[in-house]
Enquirer: 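Once you've had a glance at the structure underneath, I'll fire off some questions.
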Protein chains: 2
Amino acid sequence: MALHYDEIVRGSLAKQVADLIRAAILEGRLQVDERLPTEEELARRFGISRPTVREALKVLAAQNLIRSRRGPAGGTFVTRPDLDAAARTITDAATLLVGMGRFEIDEIVAARGQTEALCCRLAARNRTDEDLDAMAQELSLQQDETLNDEDFCASDVRFHRAVVQATGNGPLQFIMHAMIESFIPITNMLIYRHHERRRTIGAHQKIRAAIAERDEDTAAALMQHHVEGMRAVLDQALAHRRPEKPGGETI
Amino acid sequence: MALHYDEIVRGSLAKQVADLIRAAILEGRLQVDERLPTEEELARRFGISRPTVREALKVLAAQNLIRSRRGPAGGTFVTRPDLDAAARTITDAATLLVGMGRFEIDEIVAARGQTEALCCRLAARNRTDEDLDAMAQELSLQQDETLNDEDFCASDVRFHRAVVQATGNGPLQFIMHAMIESFIPITNMLIYRHHERRRTIGAHQKIRAAIAERDEDTAAALMQHHVEGMRAVLDQALAHRRPEKPGGETI
DNA sequence: TTTTTATATTTGTCAAACCTTTTGCGTTTT
DNA sequence: AAAACGCAAAAGGTTTGACAAATATAAAAA
């Protein structure tokens with residue numbers, strides 16, 4: 001009687017149901033925007049209770065696979081895969097890893113320098129005038145001396161995103177989203193005094209100019225130098241900052 | 001009386017609670033492996049019912065932020081950010097987008113060609129002997145003529161991952177994981193007849209040799225050519241394959 | 001001392017109801 | 001006839017209270 005006792009129960013009922021519905025969506029048995037049965041009906045069909053069904057649906061909703069609305073025309077619907085939502089998901093995952101110190105600063109800087117340099121090359125090839133305008137808009141914003149640090153950093157992020165956007169490559173934009181959104185905030189935490197800003201803006205301007213001229217090599221070299229140039233000042237800044245354990249009221 | 005009407009209610013109670021706990025974890029107010037109060041206690045503190053608390057916890061569990069165990073020493077614990085779990089998350093998100101046809105084949109091939117070529121450069125710089133061994137192991141596996149298509153594809157994926165691994169860069173490995181795991185299955189769906197296999201193996205061998213010699217340029221060029229060479233055969237294969245709507249029993 | 005048993009604790013599940021939002025229809029009013 | 005209003009039904013959102021299952025710890029028995 002040496003049968004396999006695994007696979008008989010793969011976890012909680014909610015997990016099993018979530019897996020079943022997820023599989024149905026991924027395999028196309030549930031079309032986009034199709035409406036699932038009501039929670040009560042699902043509970044009846046799976047032979048479980050409604051709270052358990054709801055736990056399963058919450059998991060799927062957290063993965064951006066379904067959405068729910070109330071009312072007679074409401075219900076649970078299969079969500080069209082959304083680039084922004086997916087990007088947010090991976091950004092959150094990456095941000096968590098970075099925030100918890102799973103990566104070395106050197107690694108992050110190197111990865112950003114290399115991948116963004118690559119994006120510069122492709123941007124120089126494929127950029128449109130609109131892409132250049134988007135970069136120019138952030139550059140003019142960054143000129144504003146009265147901008148506070150937070151807004152300056154946000155504009156910096158948008159500039160780097162504009163470069164990625166200019167590549168015109170969806171999959172690349174997708175993964176670079178995680179790179180930029182999750183790694184830049186760490187690198188931008190303490191720097192940006194006034195003369196730092198001037199240097200950053202100068203680098204951005206030269207990068208944009210090279211992309212405008214479709215000069216791949218120059219654009220890539222500039223970007224890599226720009227990103228990796230932040231390492232020294234970053235090391236110095238982080239050395240001063242000992243993260244004390246926050247004692248705020250917890251849950 | 002022109003006040004802002006947003007922010008009054010940000011969503012369901014479960015979502016609000018999930019956001020609160022998530023913020024507590026991300027801000028470090030809840031340490032890794034720290035135990036949260038029991039579900040009953042959380043319900044009391046937030047002034048909501050236990051099923052609602054459970055819905056919130058399920059969302060966080062789906063995001064790999066917490067885990068739960070039963071029993072006296074059980075409870076809900078903050079999960080240490082896990083590279084594999086995070087990689088699986090972003091791979092799932094990317095796979096969904098690819099599977100739903102949100103990206104063009106050309107885009108995918110171009111993105112893979114460029115990024116993997118970049119990885120080849122870094123691999124040539126930083127590879128260890130263990131990395132070369134890992135590639136060699138897959139190569140010898142791929143020589144086996146009796147290997148079925150599924151196993152051959154799996155080995156192919158592992159070879160590409162070995163190249164990424166050889167870069168020694170954690171953040172890069174993280175995002176390339178999504179690239180390789182989610183995009184390769186699509187590209188590998190219909191090809192790999194015998195003479196295709198020989199060509200693939202030959203390319204792999206040359207790539208590994210170039211990485212072994214620390215010849216960046218050659219390795220990168222070989223990889224890019226290898227990946228982008230699949231475009232023609234892929235276009236042809238996909239032209240024959242009209243995805244009919246599966247009529248299997250739905251939920 | 002080792003093994004077994006009991007017990008307390010905590011998550012997992014269930015059942016039945018009530019609340020809130022949304023929609024659509026029917027009525028009333030203009 | 002058209003617009004405004006109001007009501008009722010449908011569906012998700014929430015509550016209450018209970019029971020089931022797992023599991024670590026302590027107690028009891030061998």
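Quick note on labels: first sequence line is chain A, next is B, and so on, each numbered from 1.
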Enquirer: Between B:Arg45 and B:Glu41, is there a side-chain N and carboxylate O pair less than 4.0 Å apart?
Expert: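 Here B:Arg45 pairs with B:Glu41 in a salt bridge, since their nearest N and O are under 4.0 Å apart.
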Enquirer: Looking across every strand, which nucleic acid part, if any, lies under 4.0 Å from A:Arg54 by heavy atom: base, sugar-phosphate, or nothing?
Expert: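 Touches a base.
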Enquirer: Tell me the interatomic distance from A:Glu41, atom CD, to D:dA10, atom P, rounded to whole angstroms.
Expert: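 Computing the A:Glu41:CD to D:dA10:P distance gives 14 Å.
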Enquirer: Rounded to whole Å, please give me the gap between CD in A:Glu40 and P in D:dT14.
Expert: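 These atoms are roughly 17 Å apart.
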Enquirer: Do B:Arg50 and C:dT13 share a donor-acceptor pair, side chain to base, under 3.5 Å?
Expert: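 Side chain to base: pair found, below 3.5 Å.
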Enquirer: Output the rounded distance in Å from NZ (B:Lys58) to C1' (C:dT13).
Expert: 11 Å
Enquirer: C:dT23, D:dT14, D:dT15: which one has an atom nearest the side-chain heavy atoms of A:Ala73?
Expert: C:dT23
Enquirer: Quick one: on DNA chain D, does A:Pro51 or A:Gly74 contact a more 5' nucleotide (nearest heavy atom)?
Expert: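 Nearest-nucleotide comparison on DNA chain D picks A:Gly74.
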Enquirer: Do A:Glu55 and A:Ser49 come within less than 4.5 Å of each other through their side chains, counting heavy atoms only?
Expert: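 They are not in side-chain contact.
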Enquirer: Closer than 4.0 angstrom, basic N to acidic O: yes or no for B:Asp33 and B:Arg35?
Expert: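 Answer for the salt bridge query: no.
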Enquirer: CZ of B:Arg67 versus C1' of C:dG12: gap in Å, rounded?
Expert: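 Answer to the nearest Å: 18 Å.
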Enquirer: Look at the side chain of A:Leu13 and decide which nucleotide, out of C:dT11, D:dT14, C:dC14, has an atom nearest to it.
Expert: C:dC14
Enquirer: From the set D:dA21, D:dG12, D:dT14, return the single nucleotide nearest to any side-chain atom of A:Ser68.
Expert: D:dG12
Enquirer: Rounding to a whole Å, what distance do you find between B:Glu39:CD and D:dA22:C1'?
Expert: 14 Å
Enquirer: From the list D:dT16, D:dT14, D:dA22, which nucleotide is the closest neighbour of the side chain of B:Thr52?
Expert: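 It is D:dT14.
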Enquirer: Starting at atom CZ of B:Phe46, determine the distance to atom P of D:dG13, rounded to an integer number of angstrom.
Expert: 19 Å
Enquirer: Name the nucleic acid region contacted by B:Arg35, choosing base, sugar-phosphate or nothing; use a 4.0 angstrom heavy-atom cut-off, strictly under.
Expert: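 Sugar-phosphate, backbone atoms only, no base.
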Enquirer: Calculate, to the nearest 0.5 Å, the distance between atoms CG and CZ belonging to B:Asp82 and B:Arg67 respectively.
Expert: 11.0 Å
Enquirer: Output the rounded distance in Å from NZ (B:Lys15) to P (D:dG13).
Expert: 13 Å
Enquirer: I need the CD-P distance between A:Glu55 and D:dG13, as an integer number of Å.
Expert: 14 Å
Enquirer: Tell me which nucleotide among D:dG12, C:dT11, D:dT23 gets nearest to the side chain of B:Pro72.
Expert: D:dT23
Enquirer: After noting the C-alpha distance and the side-chain angles of A:Arg161 and A:Gln173, does the key distance pass the side chain to side chain donor-acceptor pair (under 3.5 Å) rule?
Expert: CA-CA 8 Å; A:Arg161 287 194 61 177; A:Gln173 291 163 5; over 6 Å; no
Enquirer: Measure from the side chain of A:Arg70, starting at C-beta and using heavy atoms only, and say which of D:dT14, C:dC14, C:dT20 lies closest.
Expert: C:dT20
Enquirer: Are A:Thr76 and D:dG12 close enough that a side-chain N or O sits under 4.0 Å from OP1 or OP2?
Expert: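 So the side-chain polar atoms of A:Thr76 do come within 4.0 Å of the phosphate oxygens OP1 or OP2 of D:dG12, strictly under.
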Enquirer: By nearest heavy atom, map A:Ile48 and A:Arg69 onto DNA chain C; which one lands nearer the 5' end?
Expert: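 Per heavy-atom nearest nucleotide, the more 5' residue is A:Ile48.
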